[in-house]
Amino acid sequence: MLQLVYSWPDVISFFLQGVFRSALSRNEPPETFALPTVQEAIKPQKETVLVLEENQSLENALRPLLQELVSSAVQSGKKIMQYGNSLDSGESNCLITRLLDIVLYLCERGHVEGGMVFQLLEDLTEMSTIKDCKDIFGYIESQQDVLGKQELFGRGKLVMLRTCNQLLRRLSKANDVVFCGRIIMFLAHFFPLSERSALNIKGVFNTSNVTKYEKDAMDGISVDFNFYKTLWSLQEHFSNPALTYTNPAKWQKFSSNLAVVLSTFEAQPLSDDDGKLNNLDQEEDAAFNIKYLTSSKLMGLELKDPSFRRHILVQCLIFFDYLKVPGKNDKEGPTGGMKEEIKSCEERVKKLLEGIPPKGNEFLKSIEHILEREKNWVWWKRDGCLAFEKPPFEKKSGQAGGRKRKPRWRLGNKELSQLWKWAEQNPNVLTDPDRVRMPSITEYWKPLAEDMDPSAGIEEEYHHKSNRVYCWKGLRFSARQDLDGFARFSDYGIEGVVPSELLPPEVNAKFSSKPAEKVKRLKREDSKGASAQPKEPQVAATPETDGGGSGGDPEEGAVPMDSDNAAEDGQKRSPEEVSGPESGQCEPETDADDNMKTETTSRDARAGEK
């Protein structure tokens, strides 16, 4: 007898499937029985939230259950998203939809892991045909707002992106255009605008999209085969513009081929009747073409097609728009000669687009508007894809109704009122020794005194006296607390304001002399210099006034001569006396008094001779 051996996880999975299978038959909203069903099946450690192992067990049970329901729908011959509907009642009671609704409710409320519903949707699309996937995707679109919530989006965005990309790979770009558009539109709404995964950050071109055309002419074809090859060879440059403008030979070839094509379009303008024959203004589907056929037999018809011409010319404008701003730096752009060619060709292309019926002028304006908006998109990507979304402004309850009033503050503004309030609550704040306070003169000038010490070797650039703000603040402090030091600023500059007790002895000696003594010495020197100039003429004129001539008694002229020499000796000593304070030695005032007495004696002697 054959015995079947099941593991414990399999037993749990079978049990969970049975519980959920019975729950699917209930005609009630999921919020009424979803959480009790989970609690009955798993008995979680926490009452309302499953832990990691419990989430894994639930997912392992629901995925086989979903596969079983899909198999039953296929065997019954019904569509997957209609399996279980009651034809008599006419109500939508699809079992798969019910299962997805239950899991979605549990994920939204945070009872189970948020990515579980995305995993079930991915499994469902992989098990279904393209026809059934359209109905499945309709369910995804209907639940877009719930799936896009932050608590679910962060857990399942990559799974949803993978699901949509797999669907796009399975679809035909020619036969399933509408479905592809639905998927792309869903991704555009589901993901935020600044989501980098949806952007071509590096600007990589789709070089795999190769346009194949005939290389050799066929017999019996009346079309100019050289023009045929020239026209379709432009697609090689349009598919990879970066390769064209970096290679001078390729650019020269593209420029010559484009000139031939534009000249042909100008030589064969289209009339209004050509536009009416194509019904571009009536049938919208006529304006949507995925890819044109490249057979040389169709060349004559395509040249008469306004949509075909617009297709080629719009590609030219996109190509030029990329060449004008291809990189982040201006050096990466085209050169001066290339810019002139681009400008002239662009003007010709716009003129041709404006002349193509119907509504050529309106079509050209629409294309220019699109390209202008595309520039904003390009610059946004280069700036790092900054987020566009901003948090909404939440109105406070007090602002909901009534007239808005300006807040009235006790001391004029919010900051001062708050500062005063803190002081009232803490009365010791002003007496706190750690608070910011005005420094004393000694504390403030200490850094400058240290810089003035020659042994410190502070360079002039890093000296505190070079800091204008520091000096200005120090003068304000000295004006309030040390008027004597502030007065020394006019004689010795900012270094003279520094208190003497902070300076070394050799530095302090330079600023120890009193400014009044210096002023007195300067006045004495000026008076000595003024009196020394008229002395010599007076001595020479004395004998003549007395009538003694040059041979007078030498004893009479000796006194003034000796007195003059004494005065000159006093003048010779006076520079030494002046230089004394500069070398750090303060001369007594008695020396200056002796000099004054000597000058007075000499003047009296001369007056007596006269």
| request: Name the orientation class of the two ring planes belonging to W377 and W380 (parallel below 30°, tilted from 30 to 60°, perpendicular beyond 60°). | output: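 Judged by the thresholds at 30° and 60°, the geometry between W377 and W380 is tilted.
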| query | What orientation do F254 and F319 show, parallel under 30°, tilted 30 to 60°, or perpendicular over 60°? | reply |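 Geometry flag for F319 against F254: tilted rings.
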Mind checking whether [X] and [Y] have side chains closer than 4.5 Å, heavy atoms only?
X    : Y    : value
P447 : Y470 : yes
L262 : L313 : yes
V314 : F363 : yes
D482 : D484 : yes
K343 : K339 : no
K473 : Y444 : yes
L371 : K375 : no
K324 : E346 : yes

Quick check for you: to the nearest 0.5 Å, what is the distance between [X] atom [atom1] and [Y] atom [atom2]?
X    : Y    : atom1 : atom2 : answer
S466 : E461 : OG    : CD    : 8.5 Å
R162 : M160 : CZ    : CE    : 10.5 Å
L502 : M452 : CG    : CE    : 9.5 Å
D453 : I458 : CG    : CD1   : 9.0 Å
R488 : E495 : CZ    : CD    : 12.5 Å
K253 : T244 : NZ    : OG1   : 10.0 Å

| Passes ring pair (Phe, Tyr, Trp, His ring centres under 6.0 Å), Y322 versus F238? Steps please. | CA-CA 10 Å; Y322 171 79; F238 292 154; over 10 Å; no
Between the main-chain N or O of [Y] and the side-chain N or O of [X], is there a donor-acceptor pair closer than 3.5 Å?
X    : Y    : result
Y245 : M338 : no
H189 : M185 : yes
S256 : Q252 : yes
N247 : L243 : no

Please report the shortest heavy-atom distance between [X] and [Y], naming the atom on each side.
X    : Y    : answer
S239 : F205 : O-CB, 3.4 Å
L323 : P241 : CD2-O, 4.2 Å
I312 : Q235 : CD1-NE2, 3.8 Å
S500 : N508 : CB-OD1, 3.4 Å
N55  : E113 : OD1-N, 2.8 Å
C164 : L187 : SG-CD2, 3.7 Å

| field | Candidate pair L317 and K350, rule side chain to side chain contact (heavy atoms under 4.5 Å, CB included), full reasoning | value | CA-CA 8 Å; L317 290 181; K350 290 182 178 180; 4.1 Å; yes
| field | Pair W445-S478, side-chain donor/acceptor within less than 3.5 Å | value |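 Per modelled atom types, W445 and S478 side chains form a pair under 3.5 Å.
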| CA sep, side-chain torsions, deciding dist, call: I494, H464, side chain to side chain contact (heavy atoms under 4.5 Å, CB included) | CA-CA 10 Å; I494 194 64; H464 276 76; over 6 Å; no
| query | When you look at L448 and H463, which way does the side chain to side chain contact (heavy atoms under 4.5 Å, CB included) test go after all the steps? | reply | CA-CA 7 Å; L448 179 57; H463 206 286; 3.4 Å; yes
| Going by an N to O cut-off under 4.0 Å, is there a salt bridge joining K250 and E236? |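 The answer is no: the pair does not qualify as a salt bridge.
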| message | Working note: F191 + L161, criterion side chain to side chain contact (heavy atoms under 4.5 Å, CB included); need CA distance, chi angles, decisive distance, verdict. | response | CA-CA 9 Å; F191 286 89; L161 180 62; 3.8 Å; yes
| R155 to F118 six-membered ring, cation-pi geometry met (6.0 Å, 45°) |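 Here R155 fails the 6.0 Å and 45° test against F118.
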